[in-house]
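Read through the structure below, which is laid out as structure tokens, and then see the notes.
The figures here come from the full heavy-atom set of this structure, side chains too, leaving out hydrogens, waters and symmetry mates.
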Amino acid sequence: MSLKTTNKIDANTYELEIEISAEKFEEALQKAYLKSKSKIAVPGFRKGKATRKLIEKTYGENCFYEDAVNLLYPEAVGGAVEEANLELVCQPEVEITAVDKTNGVTMKAKCTTKPEVTVKDYKGIEAEKAVKEITEDEINTEVDKLRQKGMRIINVDDRAAQMGDDVVIDFEGFKDNVAFDGGKAEKFTLSLGSGQFIPGFEEQVAGHSIGEEFDINVSFPEDYGVEDLKGAPVVFKIKLHEIKAKELPELDDEFVKDTTEFDTVDDLKADIKKRLEDAAEKNAQNNFEGAVFDKVIENMEAEVPAVMYDRRVAEMIQDLEQRLAPQGISLEMYMQFTNQTIESIQATYREQAEKQVKLRLALEKIAEVEKLEATAEDVEAEIARMSEMYGMEVAKIKELITEEDVKKDLLVAKAADFVKDNAVAK
């Protein structure tokens, strides 16, 4: 088996002409015969007892050609690709151009390769890093979330209902003095201010006291789901039974001691401020790094084969399926729930996939230019980290991913760190 010619027919596309000798082809024919003879019926012979010559005479000299070529194909094409020193991004398209026992086999393999990449100005990239300042209101909002957990609901009978209260009411709705379907309920609990009812309803309940019976005048929205009620003015007859107020615990040191690990309100607020500041710093750093990498992509030049984007989109959809599986949801069910097609999901992922492919190509090139290295110790440490993260044995990790692939990922990560370390935050 040998590589006869290598022709570049387009950017990232090569055509390899491959020859397989008559001797190699004969060996493959014999293997194909031995593999298949037990399944082949020849009149007058039991299965498996007919000679190869007799089978070829009965069914044609070429009856084992396809199986023989399939046996030779992986080694022939793989060897030719390696000899041509090509890095493929997908399986080659192979065409058998000639095959016979005298001359062997010739084939053409159309190969799509990784593109040539150049990256300019990847050192000293400037990008904005704006860290959000934490306000007292934001701290108080977090404190109030703690107080909400200790909130009590108390019955109120010495004042009128207010926005924020829960009320228990009877109501019945009328349009043109006629009750309409779905507009009646008894002892219904409504949170005033929740927006649960149509605009204006809850506000008109506020101000009334227990035992009162009163009317509310409102209009249904123009886009309401019931045709007869769209935009219609209606009257609701209301009876107010109960008022329940939400009582938050007093914010003092005792509350803090009872509900947190801290001793004072000041200590609690200081911790909340620190956590919010850390989150703001992390968010700003993520945005900064995103802007830096966008610049790397902008400064990269390459003719990227569309198949690389297609493959990344397919991987992202596979990731989606794996996230859905523990919930018992298939991709087909997800598409039904979200009213999507496989084409619309692919389109949704396309832009993100293109950015990811371009960034990886750029970082691989930077790692090459900067002569970054991933040692054997680095690879072993990364495999050990993956083993711990996924709860799998190291040996199993090595079955699923090659050390060479781990090394490539480490080099990409090192290149990303190199770019970030050399970037300038404004």
| query | Any salt bridge between Arg147 and Asp144, counting N to O under 4.0 Å? | reply | yes
| query | Just by distance, do the side chain of Asp215 and the backbone of Lys237 share a donor-acceptor pair under 3.5 Å? | reply | no
| said: Tell me whether Glu202 contacts the main-chain N or O of Gln196 through its side chain, where contact means a donor paired with an acceptor under 3.5 Å. | reply: yes
| query | Is it true that Glu281 and Lys129 have a side-chain N and a carboxylate O under 4.0 angstrom from each other? | reply | yes
| message | Main chain of Asn155, side chain of Glu242: is a donor-acceptor contact present, judged purely on distance under 3.5 Å? | response | no
| query | Should the pair Lys414-Asp378 be classified as a salt bridge under the 4.0 Å nitrogen-to-oxygen rule? | reply | yes
| At what distance, to the nearest 0.5 angstrom, does CD1 of Ile238 lie from CZ of Phe201? | 3.5 Å
| task | Side-chain contact test, heavy atoms from C-beta onward, threshold under 4.5 Å: evaluate it for Ile153 versus Lys246 and give yes or no. | result | yes
| Tyr349 side chain near Asp319 side chain, heavy-atom distance below 4.5 Å | no
| field | Under 3.5 Å donor-acceptor, Asn283 side chain and Ala279 backbone | value | no
| Donor-acceptor pair, side chain of Lys175 and main chain of Asp228, under 3.5 angstrom | yes
| note | Ser387 and Ile397 have their tightest heavy-atom pair at CA-CG1, 4.0 Å
| query | Below 4.0 angstrom, N of the basic side chain to O of the carboxylate: do Glu301 and Lys120 qualify? | reply | yes
| For Glu254, does its backbone N or O pair with a side-chain atom of Asp252 as donor and acceptor, under 3.5 Å? | yes
| Roughly how far apart are Lys114 NZ and Glu87 CD, rounded to 0.5 Å? | 4.0 Å
| Basic-acidic side-chain contact under 4.0 Å: Asp278, Lys282 | no
| message | Between Glu142 and Arg275, does any NZ, NE, NH1 or NH2 come within less than 4.0 Å of an OD or OE carboxylate oxygen? | response | no
| query | Side chain of Asp121, backbone of Asn299: donor and acceptor closer than 3.5 Å? | reply | no
| request: Before accepting this row, confirm whether a basic side-chain N of the pair Lys31/Asp67 lies closer than 4.0 Å to the acidic partner's carboxylate O. | output: no
| remark: Rounding to 0.5 Å, atoms CD (Glu17) and OG (Ser2) come to a distance of 9.5 Å
| Out of Lys273, Lys269, Lys132, which residue meets the salt bridge (Lys or Arg N to Asp or Glu O under 4.0 Å) rule with Glu138? | Lys132
| task | Salt-bridge test for Glu388 and Arg385: reply yes if a basic N is under 4.0 Å from a carboxylate O, no otherwise. | result | no
| request: Quick one: do Lys407 and Glu404 satisfy salt bridge (Lys or Arg N to Asp or Glu O under 4.0 Å)? Show the steps, please. | output: CA-CA 5 Å; Lys407 184 176 181 179; Glu404 184 60 28; 5.1 Å; no
| said: With side chain to side chain donor-acceptor pair (under 3.5 Å) as the criterion, how do Glu332 and Gln336 come out once you've worked through the C-alpha distance, each side chain's angles and the decisive distance to 0.1 Å? | reply: CA-CA 6 Å; Glu332 290 72 21; Gln336 290 176 356; over 6 Å; no
| Taking 4.0 angstrom as the limit, do Lys295 and Glu298 come out as a salt bridge? | yes
| field | Gln340 vs Thr348 side-chain heavy atoms within contact, under 4.5 Å | value | yes
| query | Is there a donor-acceptor contact under 3.5 Å from the side chain of Ser36 to the main chain of Ala32? | reply | yes
| message | I'd like to know if Arg350 and Glu354 make a salt bridge, using a cut-off of under 4.0 Å between side-chain N and carboxylate O. | response | yes
| query | For the side chain of Gln327 and the backbone of Arg323, is there at least one donor-acceptor N/O pair under 3.5 Å apart? | reply | yes
| said: Do the side chains of Lys358 and Asp294 get close enough for a salt bridge, i.e. N-O under 4.0 angstrom? | reply: no
| Side chain to side chain, Lys4 and Thr106, heavy atoms closer than 4.5 Å | no
| said: Is the ring pair Phe197/Phe188 parallel, tilted or perpendicular, if the boundaries are 30 and 60 degrees? | reply: tilted
| Between Glu26 and Gln30, does any side-chain donor sit less than 3.5 Å from a side-chain acceptor? | no
| said: Is any side-chain heavy atom of Ile329 closer than 4.5 Å to one of Phe337? | reply: yes
| message | Counting C-beta onward and ignoring hydrogens, is there a side-chain heavy-atom pair between Tyr122 and Met300 closer than 4.5 Å? | response | no
| message | Quick one, Lys398 with Glu403, criterion salt bridge (Lys or Arg N to Asp or Glu O under 4.0 Å). Give me CA distance, side-chain angles, the key distance, then yes/no. | response | CA-CA 7 Å; Lys398 290 183 176 182; Glu403 292 187 10; 3.7 Å; yes
| message | For a 4.5 angstrom cut-off between non-hydrogen side-chain atoms, does Tyr33 reach Ile40? | response | no
| query | If you round to the nearest 0.5 Å, how far is CG of Leu400 from OH of Tyr390? | reply | 10.5 Å
| message | Taking the side chain as everything from C-beta on, heavy atoms only, tell me whether Ile243 gets closer than 4.5 Å to Asp157. | response | no
| Relative to the ring of Phe220, is the ring of Phe180 parallel (under 30°), tilted (30 to 60°) or perpendicular (over 60°)? | perpendicular
| Is Gln204 reaching over with its side chain to a backbone N or O of Gly200, donor-acceptor style, under 3.5 angstrom? | yes
